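Just so it is clear, the structure is predicted and the values come from calculations on it, not from any experiment. We use all heavy atoms of the structure for the numbers below, so side chains are in, but hydrogens, waters and symmetry mates are not.
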Amino acid sequence: MSAYLSGPVQREKFPRTARLLRHADFEQVYKRGKRHFSALMTVFFLAREQDGGMRVGFTVGKVLGGAVIRNRMKRRLREAVRLEGFRPIAVDVVINPKKSLLDAEFPMVQKEVGRAFQVIEQKLSEKRNT
């Protein structure tokens, strides 16, 4: 038997229910949500009324580079979000990367995403307790 696997490797996914897909949802987060700034990204978030988990979307403007560069940024962010895990809170999150994300090591990107999720949880729990 070969040391190589035959067929696709199974791994955790970024489920469709955890994605922010509609333009109107992005607009709501931008207009009514709060912001968290970090060295590699700006994270916008807005608590939802409905139950359900976290939904995450990404926006990468053309000013950051061509399609190949923008897609690479989105792939890195999607993987960092997937590895950090989705929080069981009803919140919509939009991550807007900065140019510095391209040069950053992946563990740093993952750490920044995890920190952003912690800040979001903390701010939303403070809001509920007041």
Side-chain angles (χ1 to χ4, degrees):
M1 183 158 164
S2 172
Y4 297 101
L5 296 174
S6 62
V9 176
Q10 291 291 351
R11 59 178 230 202
E12 289 184 41
K13 299 197 179 190
F14 194 135
R16 189 170 178 86
T17 57
R19 298 181 199 166
L20 200 58
L21 299 171
R22 293 181 32 226
H23 178 74
D25 292 337
F26 279 86
E27 288 298 315
Q28 286 282 64
V29 174
Y30 285 135
K31 287 179 182 173
R32 296 182 39 226
K34 303 223 181 291
R35 294 182 186 105
H36 167 70
F37 298 98
S38 74
L40 302 178
M41 65 194 79
T42 303
V43 180
F44 299 84
F45 61 96
L46 178 65
R48 287 194 326 271
E49 302 294 321
Q50 309 101 327
D51 286 338
M54 178 183 282
R55 295 190 308 173
V56 181
F58 308 98
T59 55
V60 184
K62 288 185 178 179
V63 72
L64 294 177
V68 172
I69 303 286
R70 294 193 315 267
N71 288 337
R72 182 178 302 135
M73 291 177 122
K74 286 187 267 189
R75 280 194 308 271
R76 293 184 87 199
L77 284 170
R78 263 195 307 270
E79 184 65 6
V81 167
R82 186 186 71 79
L83 291 173
E84 278 303 310
F86 296 93
R87 305 304 199 265
I89 52 177
V91 65
D92 288 341
V93 179
V94 177
I95 300 176
N96 195 341
K98 296 179 182 175
K99 191 83 166 173
S100 57
L101 183 94
L102 271 178
D103 299 326
E105 296 290 325
F106 185 74
M108 183 64 176
V109 175
Q110 187 178 348
K111 181 179 173 187
E112 291 276 334
V113 168
R115 176 73 184 124
F117 286 176
Q118 287 175 348
V119 168
I120 290 169
E121 277 186 305
Q122 180 183 356
K123 288 187 178 182
L124 291 178
S125 68
E126 288 173 3
K127 183 180 176 183
R128 273 188 234 117
N129 292 335
T130 57

Worksheet item: Could you walk me through whether V91 and V93 pass the side chain to side chain contact (heavy atoms under 4.5 Å, CB included) check?
Response: CA-CA 6 Å; V91 65; V93 179; 4.2 Å; yes

State the [atom1]-[atom2] distance between [X] and [Y], to the nearest 0.5 angstrom.
{"X": "H36", "Y": "T42", "atom1": "NE2", "atom2": "OG1", "value": "9.0 Å"}
{"X": "R19", "Y": "M54", "atom1": "CZ", "atom2": "CE", "value": "16.0 Å"}
{"X": "T59", "Y": "M73", "atom1": "OG1", "atom2": "CE", "value": "10.5 Å"}

Worksheet item: For R55 and L21, what are the C-alpha separation, side-chain angles and deciding distance, and is it a side chain to side chain contact (heavy atoms under 4.5 Å, CB included)?
Response: CA-CA 9 Å; R55 295 190 308 173; L21 299 171; over 6 Å; no

Worksheet item: Out of R48, R32, Q28, which one pairs with D92 under the side chain to side chain donor-acceptor pair (under 3.5 Å) rule?
Response: R48

Discussion item. For L64, is there any backbone N or O sitting under 3.5 Å from a side-chain donor or acceptor partner on K99?
Written reply: yes

Worksheet item: Under the 3.5 angstrom rule, does the side chain of R72 hit a backbone N or O of L102 as a donor-acceptor pair?
Response: no

Give me the atom names and distance for the closest heavy-atom approach of [X] to [Y].
{"X": "I95", "Y": "P97", "result": "O-CD, 3.7 Å"}
{"X": "G61", "Y": "R70", "result": "O-CD, 3.2 Å"}
{"X": "S100", "Y": "A39", "result": "OG-O, 3.0 Å"}
{"X": "I89", "Y": "I120", "result": "CD1-CG2, 4.4 Å"}

Practice prompt. Please step through side chain to side chain contact (heavy atoms under 4.5 Å, CB included) for the pair R75 and E79, ending with a clear verdict.
Written response: CA-CA 6 Å; R75 280 194 308 271; E79 184 65 6; over 6 Å; no

Practice prompt. Using a strict 4.0 Å threshold on nitrogen-to-oxygen distance, state whether K123 and E126 make a salt bridge.
Written response: no

Worksheet item: Shared ILVMFWY cluster between F37 and L101, side chains joined below 4.5 angstrom?
Response: no

Worksheet item: Side-chain contact, heavy-atom cut-off 4.5 Å: R82 with R78?
Response: no

Which pairs would a plain distance check flag for residues 103-118, meaning a side-chain donor or acceptor within less than 3.5 Å of a matching protein atom at least two apart in sequence or in another chain?
from, atom 1, to, atom 2, distance (Å)
Q110, NE2, E84, OE2, 3.4
E112, OE1, S38, OG, 2.8

Worksheet item: Apart from V29 itself, what residues make up its hydrophobic cluster when side-chain heavy atoms of I, L, V, M, F, W and Y under 4.5 Å apart count as a link, directly or indirectly?
Response: L20, F26, Y30, F44, L46, V94

Item to complete: Let me see the working for K98 and L40 under side chain to side chain contact (heavy atoms under 4.5 Å, CB included), right down to the final yes or no.
Response: CA-CA 5 Å; K98 296 179 182 175; L40 302 178; 5.8 Å; no

